[in-house]
Novice: 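Please read through the structure below; I'll follow up with questions.
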Amino acid sequence: MFLGTYTPKLDDKGRLTLPAKFRDELVGGLVVTKGQDHSLAVYPTEEFAARARKAAAVSRTSPEARAFIRNLAASADEQRPDAQGRITLSAGHRSYAGLTKECVVIGSVDFLEIWDAQAWATYQEETEAAFAAAEDDVLGGFL
């Protein structure tokens, strides 16, 4: 599982060092793609393939489904971390997520999210009330 919050820095070449805690799980390869809320999503290759197959099975008669599948697939970038655990984030990905030097990598259970540090802080402030007020029917029995 991917859990926790980490604050790696983006270098001048667009490389980001993944938290050491997650490297073993990602050594076989990963996919970086657009995430929601202008973050980037990082999936182990097998997890991304399973989700992509599930998305592709949805009826494409829905404009929303077509748009989601297109954005997911078109923005996907397959990679293998280098010997130092770094991945290179494309200019398009950095622009989409508004990434600056200061980044935040968060665990989202079965994938990672990469955020610009300021965007993550703003998101947390904006969603704290909803987190505190979450009801069981929204979370499917979690609470």
Novice: For a quick test of reading the model, state the closest non-hydrogen atom pair linking D116 to A97 and the distance between them.
Specialist: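 Taking every non-hydrogen atom into account, CB-O, 3.9 Å.
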
Novice: Do the side chains of L16 and V104 join up, straight or via other hydrophobic residues, at under 4.5 Å, putting them in one cluster?
Specialist: no

Novice: Can you tell me if Q36 has over 12 outside heavy atoms packed within less than 6.0 Å of its CD?
Specialist: no

Novice: List, by chain and number, the other hydrophobic cluster members for V58, where Ile, Leu, Val, Met, Phe, Trp and Tyr join if side-chain heavy atoms come within less than 4.5 Å, directly or indirectly.
Specialist: none

Novice: Among the clusters formed by ILVMFWY side chains lying less than 4.5 Å apart, do W120 and I114 turn up in the same one?
Specialist: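 Unlinked, W120 and I114 end up in two clusters.
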
Novice: Please report the shortest heavy-atom distance between E113 and S108, naming the atom on each side.
Specialist: OE2-OG, 2.6 Å

Novice: Under 4.5 Å between any side-chain heavy atoms of L99 and L40, yes or no?
Specialist: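 The answer is yes, as the side chains (C-beta and beyond) meet within the 4.5 Å cut-off.
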
Novice: Quick one, L26 and L112 - any side-chain contact, counting heavy atoms below 4.5 Å?
Specialist: yes

Novice: CD of Q124: more than 12 outside heavy atoms within 6.0 angstrom?
Specialist: yes

Novice: Rounded to the nearest 0.5 Å, what separates atom CZ in F111 from atom OG1 in T33?
Specialist: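 The CZ atom of F111 sits 10.5 Å away from the OG1 atom of T33.
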
Novice: Give me the atom names and distance for the closest heavy-atom approach of V27 to D24.
Specialist: CG1-O, 3.3 Å

Novice: Please check if the side chain of T127 supplies one atom and the backbone of A130 the other of a donor-acceptor pair under 3.5 Å.
Specialist: no

Novice: Are L89 and Y96 grouped together when hydrophobic residues (ILVMFWY) are joined by side-chain heavy atoms under 4.5 angstrom apart?
Specialist: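 Same hydrophobic cluster.
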
Novice: Indicate yes or no for a side-chain donor-acceptor contact from Q79 to the backbone of T88 under 3.5 Å, with no hydrogens or angles considered.
Specialist: yes

Novice: Could you work out the complete set of other residues in the hydrophobic cluster of V109, with links drawn between I, L, V, M, F, W and Y side chains under 4.5 Å apart?
Specialist: M1, L3

Novice: Consider only side-chain heavy atoms of I, L, V, M, F, W and Y, link residues closer than 4.5 Å, and tell whether L72 and V32 are in one cluster.
Specialist: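 Looking at the clustering, V32 is in a separate group from L72.
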
Novice: Closest approach of D11 and K13, non-hydrogen atoms and distance?
Specialist: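 Heavy-atom minimum between the residues: OD1-N, 2.8 Å.
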
Novice: Ignoring hydrogens and geometry, is there a side-chain-to-backbone donor-acceptor pair from R66 to R60 under 3.5 Å?
Specialist: yes

Novice: With hydrophobic residues grouped by side-chain heavy-atom distances under 4.5 Å, do I87 and F2 end up in a single group?
Specialist: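 Yes, same cluster.
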
Novice: What closest approach, in Å, do V105 and P8 show between heavy atoms, and which atom pair accounts for it?
Specialist: CG2-CG, 3.6 Å

Novice: For the residue pair S59 and A65, what are the closest heavy atoms and their distance?
Specialist: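 Nearest pair, atom of S59 first, then A65: O-CB, 3.5 Å.
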
Novice: Distance check, rounded to the nearest 0.5 Å: K9 atom NZ versus E102 atom CD?
Specialist: 3.5 Å

Novice: Answer yes or no: is there a side-chain heavy-atom contact under 4.5 Å between Q118 and T100?
Specialist: no

Novice: Identify all side-chain donor-acceptor contacts of residues 43-50 below 3.5 Å with residues at least two apart in sequence or on another chain.
Specialist:
from	atom 1	to	atom 2	distance (Å)
T45	OG1	G29	O	3.2
T45	OG1	L30	N	3.1
E47	OE2	R51	NE	2.8

Novice: Do the side chain of S39 and the main chain of W115 share a donor and acceptor less than 3.5 angstrom apart?
Specialist: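 Between the backbone of W115 and the side chain of S39 there is no qualifying donor-acceptor contact (under 3.5 Å).
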
Novice: Please answer whether the main-chain N or O of G28 pairs with a side-chain N or O of R80 as donor and acceptor at a distance below 3.5 Å.
Specialist: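 Present.
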
